[in-house]
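Residues take their numbers from the sequence shown, with the count starting at 1.
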Amino acid sequence: MKRHCVSKLTIAFILAQLLLLATPVRTMSQNKITTAKTDELSLTKSEASHFAQLALKCVTKEYPNKPDHTINDGNDVKSPRALHPAFYGCFDWHSSVHGHWMLVRLLRLFPDLPEGSQIRNALNANLSAENLRVEVAYLNQPNRQSFERTYGWAWLLKLAQALRGWNDEDGKLWATNLQPLADALAQKYVGFLPKQTYPIRTGVHPNTAFGLAFALDYAVASGNKQLASLIEERSRTYFGKDANYPAAWEPGGEDFFSPALIEADLMRRVLNPAEFEQWFHRFLPDLTKDEPKILLHPAVVTDRTDPKLVHLDGLNLSRAWCMRSIAAALPEKDAARQILAQAATEHAKDALAHVTSGNYEGEHWLASFAVFLLSTPAP
């Protein structure tokens with residue numbers, strides 16, 4: 001990335017963080033998310049406490065577990081905790097990572113959270129220097145090239161970003177311990193992206209746009225100009241000429257991302273405001289006509305005990321955070337801005353009502369999506 005581009009992204013990131021920290025906390029009833037008169041959803045301390053409890057129940061829960069693990073020989077037949085002493089809980093590695101991100105995020109937002117000491121104990125146990133050395137060593141073993149690429153990579157960098165600049169003794173220690181793993185995954189991006197000729201446009205884990213968006217946030221926050229420049233180039237190459245995207249084909253039956261919206265959420269990071277406005281209206285030209293309607297209204301979830309069907313609750317949450325950010329990147333008088341803002345509120349209300357379903361299939365990860373949504377300022 002050119003020097004002046006990094007500067008603009010850095011300034012935008014700082015402004016976004018200041019806006020987030022300035023967002024007021026509203027008083028709401030215990031464990032309920034309601035709306036203000038402006039329909040602006042926000043995170044309360046009581047809701048943060050409830051989400052923290054879900055994550056604390058999860059990040060040390062080894063089983064059930066679905067490892068992304070290639071067995072090289074008999075010595076590789078190990079328990080999840082032996083393989084991944086930092087991120088063995090929450091059913092799979094990436095869910096454990098974003099569960100840790102959520103705990104850090106909540107503790108930073110609410111330092112006096114009732115679960116604060118439990119959070120610190122859990123993070124001290126999992127994010128030790130020794131545990132994270134094992135995680136780095138795992139990446140360097142044979143047949144680990146595609147391990148958690150790029151969804152897990154992206155969330156790990158988001159966790160590292162969340163720990164940066166925190167004036168907290170525990171937080172500084174966790175950041176130091178985590179940095180070698182963040183460095184290893186940043187280097188994996190640098191090695192992999194030039195070889196990836198075509199983007200992956202799925203609505204689940206391998207989605208390229210999501211992996212690039214979170215990695216770009218980290219690159220800007222950490223000053224990694226090599227990574228930021230590469231991501232900007234790859235984003236323009238993969239998506240810069242996209243037009244008339246077939247968003248009416250969404251969603252897929254097990255999506256937790258909208259390929260259309262997650263791509264636009266990446267491009268609003270990469271393009272300057274004037275470029276983005278033009279690109280977005282080429283990309284989804286009918287949005288100002290409230291089309292396609294299937295993209296603007298929440299997906300229907302029929303069985304929250306099914307680990308794939310419950311993905312659609314996550315889709316509604318991620319659609320909402322993308323819609324908020326995309327709307328905020330458009331001019332105030334742009335007709336798409338209000339349409340997206342209203343659709344974001346509708347999606348958020350629908351999905352937030354089901355984060356706590358009592359079913360581990362969704363509870364082990366949906367709270368992280370909910371906290372990320374509620375950490376995304378409304379336009």
Side-chain angles (χ1 to χ4, degrees), residues 51-70 78-108 115 118-139 141 144 146-163 170-171 173-175 177-182 184-185 188 204-206 210-211 214-215 218 256 307 310-311 313-314 317-318 355-356 359-372:
F51 287 151
Q53 291 169 26
L54 292 178
L56 286 167
K57 183 171 66 174
C58 172
V59 294
T60 57
K61 183 179 173 68
E62 186 172 8
Y63 299 105
N65 200 292
K66 184 183 178 183
D68 176 12
H69 178 57
T70 300
K78 299 177 181 178
S79 70
R81 188 166 188 167
L83 291 168
H84 299 292
F87 304 116
Y88 62 88
C90 294
F91 193 68
D92 46 40
W93 193 88
H94 52 259
S95 297
S96 181
V97 170
H98 59 68
H100 285 74
W101 167 84
M102 182 179 70
L103 291 174
V104 170
R105 183 71 185 136
L106 294 176
L107 197 56
R108 291 197 67 167
E115 293 77 17
Q118 293 174 265
I119 292 173
R120 291 180 185 277
N121 289 339
L123 296 183
N124 277 325
N126 288 359
L127 302 184
S128 70
E130 178 55 35
N131 286 351
L132 288 159
R133 279 194 289 269
V134 174
E135 297 283 357
V136 173
Y138 182 87
L139 296 179
Q141 294 168 3
R144 307 287 185 244
S146 61
F147 173 74
E148 291 288 351
R149 190 175 72 196
T150 54
Y151 182 78
W153 296 6
W155 274 110
L156 191 284
L157 294 186
K158 184 60 71 176
L159 171 59
Q161 180 189 345
L163 288 168
D170 286 335
L173 177 62
W174 302 329
N177 293 347
L178 189 67
Q179 195 59 49
L181 183 56
L185 290 177
K188 278 188 169 289
V204 289
H205 306 89
F210 173 78
F214 272 21
Y218 171 80
F256 54 79
V310 78
H311 277 186
D313 276 327
L317 292 167
S318 66
V355 171
T356 306
N359 300 304
Y360 191 62
E361 291 82 0
E363 284 189 345
H364 79 271
W365 65 279
L366 284 173
S368 300
F369 273 42
V371 170
F372 192 82

Report the C-alpha separation of R120 and W174 in whole Å, then their side-chain angles, then the decisive distance to 0.1 Å, and conclude whether the side chain to side chain contact (heavy atoms under 4.5 Å, CB included) test is met. CA-CA 10 Å; R120 291 180 185 277; W174 302 329; 4.1 Å; yes
In the structure I gave you, are the side-chain heavy atoms of [X] and [Y] within less than 4.5 Å of one another anywhere?
X    : Y    : value
D313 : L317 : no
S79  : Y88  : no
L139 : L185 : yes
K61  : Y360 : yes
V355 : F369 : no
V59  : F87  : no
L159 : L178 : yes
W93  : E135 : yes

Which distance, rounded to the nearest 0.5 Å, do you find between the [atom1] of [X] and the [atom2] of [Y]?
X    : Y    : atom1 : atom2 : answer
L123 : L173 : CG    : CG    : 10.5 Å
N124 : D170 : CG    : CG    : 5.0 Å
L163 : R105 : CG    : CZ    : 11.5 Å
W365 : L54  : CH2   : CG    : 13.5 Å
Y218 : Q161 : OH    : CD    : 9.5 Å
E363 : C90  : CD    : SG    : 11.5 Å

Take the angle between the ring planes of H94 and H205 and call it parallel below 30°, perpendicular above 60°, tilted in between. tilted
What class does the angle between the rings of F91 and H364 fall in, given that below 30° is parallel, 30 to 60° is tilted and above 60° is perpendicular? tilted
Mind checking salt bridge (charged side-chain N to carboxylate O under 4.0 Å, His left out) for [X] and listing every partner two or more places apart, or none if nothing turns up?
X    : result
R81  : none
K66  : none
R149 : none
E361 : none

Taking [X] for the side chain and [Y] for the main chain, is one N or O donor matched with an acceptor at less than 3.5 Å?
X    : Y    : answer
R133 : S128 : no
D92  : S95  : yes
Q118 : L56  : no
T150 : W153 : no

Less than 6.0 Å separating the ring centroids of F256 and Y151? yes
Compute the centroid of each ring, for H98 and then for F214, and state whether the two points are separated by less than 6.0 Å. no
Run the side chain to side chain donor-acceptor pair (under 3.5 Å) test against N121 and tell me which residues pass, sequence neighbours left out. none
Of all the heavy-atom pairs spanning [X] and [Y], show the shortest one and how long it is.
X   : Y    : result
A86 : S96  : O-OG, 4.3 Å
A52 : I119 : CB-CD1, 4.2 Å
A55 : L103 : CB-CD2, 3.6 Å

Across all chains, not counting sequence neighbours, the ring-ring contact (aromatic ring centres under 6.0 Å, His included) partners of W101 are W155, F372
Looking at L156, L157, L181, which hits side chain to side chain contact (heavy atoms under 4.5 Å, CB included) with V97? L156
Test side chain to side chain contact (heavy atoms under 4.5 Å, CB included) applied to Y138 and H69, step by step: CA-CA 10 Å; Y138 182 87; H69 178 57; 2.7 Å; yes
